[in-house]
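Data first, discussion second: the structure below is written as C-alpha cells.
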Amino acid sequence: MEKTYNPSAIEGTWYKTWEEKGYFAPSGEGTPYSIMIPPPNVTGSLHMGHAFQDSIMDAFIRYKRMKGFNTLWQVGTDHAGIATQMVVERKIMAEEGKTRHDYGREAFTDKIWEWKEESGGTITSQLRRLGASVDWETERFTMDDGFYKAVQEVFIRLYEDGLIYRGKRLVNWDPKLHTAISDLEVESQEKQGNMWYLRYPLADGETTGEGKDYIVVATTRPETMLGDTGVAVNPEDPRYKNLIGKDIILPLVGRRIPIVGDEHADMEKGTGCVKITPAHDFNDNEVGKRCGLPMINIMTLNGDIRDQAEAFNMDGSVNADIDTTIPEQFRGLERFEARKQIVAAFEEAGLLVKIDDHTLMVPYGDRSGVVIEPLLTDQWFVRTAPLAKEAIRAVEDGDIQFVPKQYENMYFSWMRDIQDWCISRQLWWGHRIPAWYDNSGKVYVGRNEAEVREKNGLGADVELRQDNDVLDTWFSSGLWTFGTQGWPEQTERLKTFHPTDVLVTGFDIIFFWVARMIMMTMHFIKDENGKPQVPFKYVYVTGLIRDENGVKMSKTKGNVLDPLDMIDGIDLEDLVEKRTGNMMQPQLAQKIEKQTRKTYPEGITPHGTDALRYTLYSLASTGRDINWDMKRLEGNRNFCNKIWNAANYVLMMTEGKDCGQGGVDVELTLADKWIISELQRVEAQVAKNMDDFRLDHASQNLYDFIWNEYCAWYLELSKPVLWDENASEERKRGTRRTLVRVLESICRILHPFMPYITEEIWQQIKPLAGVEGDTIMLAAYPVADESKIDAQAESDITWLKGFITGIRNIRAEMNLGPNKPLDVILRNTSEEDLRRLEENSSFLISLAKLSNLTALKSDEEAPMSATQLVGEMEVLVPMADLIDKDKEIARLGKEVEKLQKEVARFEGKLSNEKFVSSAPAAVIEKERTKLADAQTALKKMEEQMAAIKAL
RNA sequence: AGGCGGUUAGCUCAGUUGGUUAGAGCGUUACGUUGACAUCGUAGAGGUCACCAGUUCGAAUCUGGUACCGCCUACCA
C-alpha cells in the first residue's frame with residue numbers, strides 16, 4: 001500500500017473493474033430489492049442534489065446486495081422535452097445560424113438524436129465517478145423504442161377509459177417557447193406593479209345606487225379589457241345589485257357587455273366591481289362559466305394583440321354573433337406596449353380614475369423566464385380526480401410511506417384539490433400524441449395510422465393527419481417504475497422487481513413526479529388479485545443542499561458547487577472561470593468572482609469520492625435543507641486518511657506473519673475480546689439505522705467505532721502485545737488475528753458508504769483474514785453475533801480507559817511530559833481492581849508510560865501524591881519533587897467544586913418526597929448510586945486536598 | 001391569509017416512546033514530531049436547548065401562546 005492516502009490513485013481503477021465484471025447486475029438469487037433512479041435530465045450535469053440522492057441510493061443498494069438480495073438499481077435518463085429542444089436549437093443557431101424551422105420537424109429531431117449520441121452521456125459518466133452501482137446493462141432512455149410503446153399504450157388506454165380528453169381551455173401559455181406548460185412549471189414572483197382604476201360607463205342611462213352613471217373597475221392588467229365580456233358585482237351589494245342584468249358600454253371598444261351577479265366579486269375589496277375577461281384570466285374563466293359569458297381571445301401565441309379577436313362560447317364553439325373588431329391603434333402591439341397604450345387611451349378619454357402602486361405575484365415560466373399568459377388553446381388533458389383517489393388511498397393506508405412522514409401532508413393537500421393535467425406540449429421533441437384528425441376535425445386515437453383506419457373503417461380516400469403535439473415529459477417519467485421493466489409486456493423483470501422498494505428524491509418534485517407516478521402505476525399495474533400495485537413502498541425525501549451561507553445554489557448567484565470539484569479539486573482560477581464564464585447576466589460576474597475568491601482563496605483541494613459520500617451521509621438526517629460545510633468534508637477526508645493509516649499499521653504488523661487463519665490455537669486478550677464485542681454492537685446499530693433510513697446515525701456509529709475505539713484504543717492496546725518479546729505466540733497470534741479480522745469486518749460494514757477505500761484495503765488484507773472472494777461488493781455484510789458481546793470485557797476496558805485517562809490528566813495538569821515514566825501507587829483497591837491490575841498491568845504500564853505500579857496494602861501509608869479516582873480506587877502519582885503543590889491544590893479544588901455540585905443535585909432530587917414516591921424504582925436506584933459515587937469521590941478529594949495543604 | 005417545518009456550543013448538525021451530568025465534526029486553548037497517522041496525538045474551554053406560560057416528582061423532548069426564519073398553497077379583480 002502507498003504510504004499516504006491518495007483517493008485519486010485508488011478510485012479510478014476500481015469502478016472500471018466492477019463495471020467490467022458485471023457486479024452491478026442483479027444476481028438472480030435471493031429476495032428482490034430494487035430502486036429506480038430518478039432519471040436525470042439528459043442535458044444535465046451532476047449537481048449536489050444528484051450527488052446526495054445517488055449516494056444515498058448507492059448505500060442502500062450496496063447494503064442490500066451484500067446482504068444477499070437480488071438487487072436492481074435501474075438507471076436511465078429523461079428526454080426532457082423543452083430543455084433538450086432548447087439546447088439543440090441554441091447549438092444549430094450558434095453553429096449554422098439556423099432555426100429548427102429551417103430544418104423542419106423530422107430533420108430537427110434527427111439532429112437531437114445526433115446530439116444525444118454525442119453529448120447525452122455527460123451525466124451518466126459523472127454518475128460513475130460517484131461509484132454508483134447501477135445496472136448499466138439495462139440503462140433506459142424515456143425516448144427509446146420500448147418506452148415509447150409504454151407511453152403510447154398508456155395514452156390509448158386512458159383515452160379509452162375516458163380519462164383523457166381534448167378541449168379548448170385556458171392554459172398557462174409560454175409566449176416565448178410557444179407551448180403550454182403545467183402549473184408546476186410556473187414560478188410566481190413578487191413584483192412591484194400598479195393597480196389601474198378604470199371607469200366603465202353604464203348603458204341606457206342607468207345609474208348606480210349612489211346615482212353615478214358609471215362604475216369603476218380595478219385591474220392589474222388593463223390590456224385585457226379588450227377581451228372583457230362582462231362586469232361582475234356581488235349579488236348582495238346594495239350599490240350595484242340593481243344593475244345586474246343591465247349593460248355597460250366597454251370603453252375604447254364600444255362593445256355592450258352585461259353586468260352579472262357573482263360571488264367572486266367581493267364587496268370589501270377594491271371597488272366591488274370586477275371586469276371579467278374569461279379568455280385571459282383563470283378566475284374570470286370560472287365566473288364566465290357560471291354566468292354564461294362568452295370568451296374573447298385578444299392575443300396571438302406571441303402574446304401580442306391580435307388584429308381581430310376570436311370569440312368562443314364556453315363549450316369552445318365559435319361565437320359568430322360578437323363583433324370581434326379590435327381598435328386599429330392597438331392591433332399587433334406587444335402585450336406590455338399594449339398596456340401602456342390602453343392606459344393612455346383611457347386617460348385621454350377621461351376614464352382613468354387613478355393609478356395605485358401595487359405589489360403582486362407575477363407568473364413566470366421556469367424555463368423561458370418570461371411572463372406566462374393564460375391563453376385559450378386546444379389541449380389534451382388527463383382527468384386526474386379518479387386517479388388521485390387511489391393514489392391518496394395508498395398513502396393513507398400505508399402502502400406507500402413517506403420518510404420523513406410530514407411530507408405526506410404536502411402530498412395529501414395537493415392531491416385533494418388536484419387539477420386536470422394538461423399533457424400536450426407544442427414541441428417537436430417528445431412522444432408525439434397518438435391521435436389523428438380527419439378533415440372535419442374528428443379525432444381518432446390509436447397506435448398508428450393504419451390501426452386507426454382499420455378500427456374506424458376509414459378508407460384510403462379519407463385524409464388523416466397526426467396531432468402535432470407531444471406529451472409532457474412528466475407523462476412519460478410517470479411510467480418510469482414499470483416502463484423501464486418492459487411493460488406493457490408482462491416481463492419477468494417486471495414481476496421480479498415491481499413494486500420497487502424505495503424512491504429517493506427531493507421534496508420539490510413530489511407533485512411533478514412522485515404523485516403522478518403513483519397515479520399512473522396504480523391505474524395500470526395490478527397484482528395477481530387485481531389490486532392496484534404501488535410503484536414503491538417508501539419515498540425517502542431529501543432536503544436541498546444550500547451553500548455555506550444557507551443560500552440556494554444557482555448559476556446566476558454563482559455559488560454552485562460541483563461535486564466533482566470536491567472529489568478532484570479545482571484551483572481558484574478555474575473555479576472563478578467556471579462560475580463566471582458563459583453567464584446569462586455577465587454584469588454579475590465581478591461580484592461572483594469577488595465572492596468566490598473570498599470563500600475559496602485556495603480553490604478546492606481534492607477530497608475523493610469516499611469523503612464526499614461520507615459527508616453526504618452524515619448530513620442526511622430528517623429531510624430538511626442542509627447548509628453545505630466544506631470543513632465537514634475535510635473532516636471526513638481525514639477520516640479516510642485515518643482508516644488508511646490504520647490499515648497500514650495492521651499490514652505492517654500482520655503481513656507475512658501467522659494471523660491464525662488456519663484455526664490454530666490463539667489466546668485472546670482482554671482488548672481482543674472487548675473490540676470484538678464492540679464490533680457486534682456497531683454492526684447492530686448500523687443495521688438498525690439502515691432499516692430506519694438514518695444514514696447520518698449509521699455513519700456516526702461507524703466513525704465513532706473506527707476512530708475512537710478501534711484506532712484510538714485497540715491499535716494502541718495491540719502494541720504492548722506485539723512488541724513484547726516475552727508474550728506467547730498464541731497471544732500474539734490472537735492479537736494479529738483480531739487486528740486483521742476486525743479491520744476486515746470494518747471494511748465490509750463501511751463499504752456501502754465508502755466503496756473505494758474499503759475495496760482497496762480489503763483486497764490487501766483478505767488473505768491475512770482468511771477470507772476469499774473477488775470483490776468486497778459481493779462479500780457478505782457483517783451481522784452482529786450476540787454471543788460475542790462480552791460485558792465483562794467491556795467494563796474492564798472502561799476501567800482501563802479511566803485509569804489511563806486519569807494518569808494522562810495528571811500529566812497534563814502537572815505539565816509532566818507524555819514520556820516521563822511515572823511511579824504509580826494505588827490505594828483503596830477492591831478485589832475487582834486487583835484482578836484487573838493483575839490481568840492488564842502490561843497494558844497500563846505501556847499506555848500510561850509507567851515505570852512502576854504498586855497497590856498499597858491497607859495498613860500502608862502513601863506518600864504525598866496527585867490523585868485521580870477510578871471508581872473508588874485512588875490512582876496516586878507520588879509528588880516527590882516533581883509536582884507543583886499549588887497546581888495540584890487548584891486542580892483538586894476544581895474537582896471538589898464539581899463534585900459538590902453533583903452531590904447537591906442528587907441529594908435535592910432524592911430528598912424530594914414526590915420524586916421518591918412516584919419515580920420508577922430503577923430511576924431512583926440509579927440516582928442513589930450516582931449520589932453515593934459522588935459522595936465517595938468528594939470525600940476522597942477533600943481528604944487529599946487537606947493532606948496536600950497540610951504539607 | 002392558510003398549512004407545514006425550523007430555532008440546541010463560534011460554525012455545520014445529531015439528540016429514537018420525557019429520567020442527561022445535552023453530544024459529534026470543524027473551529028478554539030495548552031502541550032507534544034516515541035517506530036500507523038501532524039490529513040496526527042494528549043488534556044481542556046465552550047450551551048439558563050429562541051422566549052413565555054402550563055402539565056409532571058422530573059421537560060431540549062409533551063401542551064398552549066409569542067417572536068424570528070424557511071418552504072408550500074392560495075389571494076391580491
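Within every chain, numbering begins at 1; the chains are lettered A, B, ... in the order of the sequence lines, protein sequences first and strands thereafter.
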Practice problem: Check every strand shown and say whether A:Ala232 touches a base, only sugar-phosphate, or nothing at a heavy-atom separation below 4.0 Å. | Solution: nothing
Practice problem: Describe the nucleic acid contact of A:Met195 in one word from base, sugar-phosphate, nothing, applying a heavy-atom distance below 4.0 Å. | Solution: sugar-phosphate
Practice problem: Would you mind telling me which of B:C4, B:A36, B:U34 lies closest to the side-chain atoms of A:Asn409? | Solution: B:C4
Practice problem: With heavy atoms under 4.0 Å as the rule, sort A:Glu716 into base, sugar-phosphate or nothing. | Solution: base
Quiz item: Which distance, rounded to the nearest 0.5 Å, do you find between the CG of A:Leu561 and the CD of A:Glu548?
Solution: 6.5 Å
Quiz item: For A:Trp644, which contact category applies under a 4.0 Å heavy-atom criterion: base, sugar-phosphate, or nothing?
Solution: nothing
Quiz item: How many Å lie between NE2 on A:His358 and P on B:C75, as a whole number?
Solution: 13 Å
Quiz item: Within this structure, what is the CD-to-P distance between A:Gln685 and B:A14, rounded to whole angstrom?
Solution: 18 Å
Exercise. For the residue pair A:Val353 and A:Leu198, establish whether any side-chain heavy-atom pair is separated by less than 4.5 Å.
Key: no
Quiz item: P atom, B:G25 versus B:C4: distance in rounded Å?
Solution: 36 Å
Quiz item: Atom CG of A:Leu695 to atom P of B:A14: distance rounded to whole Å?
Solution: 13 Å
Practice problem: From the options B:C57, B:G35, B:C72, select the nucleotide whose nearest atom is closest to the side chain of A:Met410. | Solution: B:C72
Exercise. Figure out the CG/P separation between A:Leu616 and B:C13, and round it to whole Å.
Key: 13 Å
Quiz item: Would one find a side-chain N or O of A:Asn809 under 4.0 angstrom from OP1 or OP2 of B:G44?
Solution: yes
Quiz item: Distance between the P atoms of B:U56 and B:U63, in whole angstroms?
Solution: 16 Å
Quiz prompt | Footprint string (nucleotides 17-31 of chain B, 5' to 3'): B base within contact, S backbone only, - free, heavy atoms under 4.0 Å | solution = --BSB--SBS-----
Self-check item: A:Arg546 CZ - B:C69 C1' separation (whole Å)
Solution: 11 Å
Quiz item: Between B:U48 and B:U8, how far is it from one P atom to the other, in whole Å?
Solution: 12 Å
Self-check item: Reference residue A:Ser718; test side chain to side chain contact (heavy atoms under 4.5 Å, CB included); the match among A:Val650, A:Thr735, A:Thr738
Solution: A:Thr735
Self-check item: A:Asn689 vs A:Ala812, nearer the 5' end of RNA chain B by closest nucleotide
Solution: A:Asn689
Quiz prompt | Salt bridge present between A:Glu709 and A:Lys801 (N-O < 4.0 angstrom) | solution = yes
Quiz item: Are OP1 or OP2 of B:A38 and a side-chain N or O of A:Asn641 less than 4.0 angstrom apart?
Solution: no
Quiz prompt | Length of the CG-P vector between A:Asn701 and B:U16, whole Å | solution = 14 Å
Practice problem: Measure the shortest side-chain to side-chain distance between A:Phe507 and A:Thr542 over non-hydrogen atoms and say whether it is less than 4.5 angstrom. | Solution: no
Exercise. Answer yes when A:Arg239 and A:Asp237 have at least one side-chain N-carboxylate O distance shorter than 4.0 Å, and no when they do not.
Key: yes
Quiz item: Under 6.0 Å from the six-membered ring centre of A:Tyr5 and within 45° of its axis: does the NZ or CZ of A:Lys642 meet both?
Solution: no
Practice problem: Indicate, with a heavy-atom threshold strictly under 4.0 Å, whether A:Arg694 touches base, sugar-phosphate, or nothing. | Solution: sugar-phosphate
Quiz item: What does A:Thr220 touch in the nucleic acid at a heavy-atom separation under 4.0 angstrom: a base, only the sugar-phosphate, or nothing?
Solution: sugar-phosphate
Exercise. Measure the shortest side-chain to side-chain distance between A:Glu11 and A:Glu760 over non-hydrogen atoms and say whether it is less than 4.5 angstrom.
Key: no
Self-check item: B:G18 to B:U61 separation - P atoms, rounded to the nearest Å
Solution: 12 Å
Exercise. Under 4.0 Å between any heavy atoms, over every strand shown, what does A:Lys642 touch: base, sugar-phosphate, or nothing? Just pick one.
Key: base
Exercise. Using a heavy-atom cut-off of under 4.0 Å over every strand shown, decide if A:Cys640 touches base, sugar-phosphate, or nothing.
Key: nothing
Self-check item: B:C11 versus B:A53 - spacing of their P atoms, nearest Å
Solution: 26 Å
Exercise. Decide yes or no for A:Leu695 and A:Ile56: does some side-chain heavy atom of the first lie under 4.5 Å from some side-chain heavy atom of the second?
Key: yes
Quiz item: Which whole-number value in Å describes the distance from A:Asp696 CG to B:G15 P?
Solution: 6 Å
Self-check item: Cation-aromatic face contact A:Lys930/A:Phe906, 6.0 Å, 45 degrees
Solution: no
Self-check item: side-chain N/O A:Lys552 vs B:G70 OP1/OP2, d < 4.0 Å
Solution: no
Exercise. For B:A30 versus B:G46, give the span between their C1' atoms, rounded off to a whole number of Å.
Key: 15 Å
Exercise. Determine the minimum heavy-atom distance between A:Met653 and A:Trp723, stating which atoms define it.
Key: CE-NE1, 3.6 Å
Quiz item: List RNA chain B stems (3 or more consecutive Watson-Crick/G-U pairs, under 3.5 Å)?
Solution: B:1-7 with B:67-73, B:10-13 with B:23-26, B:28-32 with B:40-44, B:50-54 with B:62-66
Practice problem: Using a strict 4.0 Å threshold on nitrogen-to-oxygen distance, state whether A:Arg694 and A:Asp692 make a salt bridge. | Solution: no
Quiz item: Between B:A22 and B:U16, how far is it from one C1' atom to the other, in whole Å?
Solution: 15 Å
Self-check item: Nearest-angstrom distance, C1' atom, B:C31 to B:A38
Solution: 14 Å
Quiz prompt | Whole-Å gap separating C1' (B:U12) and OH (A:Tyr614) | solution = 17 Å
Exercise. Give A:Leu544 one of three labels, base, sugar-phosphate or nothing, depending on what nucleic acid heavy atoms sit under 4.0 Å from its own.
Key: nothing
Practice problem: Describe the nucleic acid contact of A:Thr805 in one word from base, sugar-phosphate, nothing, applying a heavy-atom distance below 4.0 Å. | Solution: sugar-phosphate
Practice problem: Could you pick out which residue, A:Phe511 or A:Asn627, lies toward the 5' side of RNA chain B when each is mapped onto its nearest nucleotide? | Solution: A:Asn627
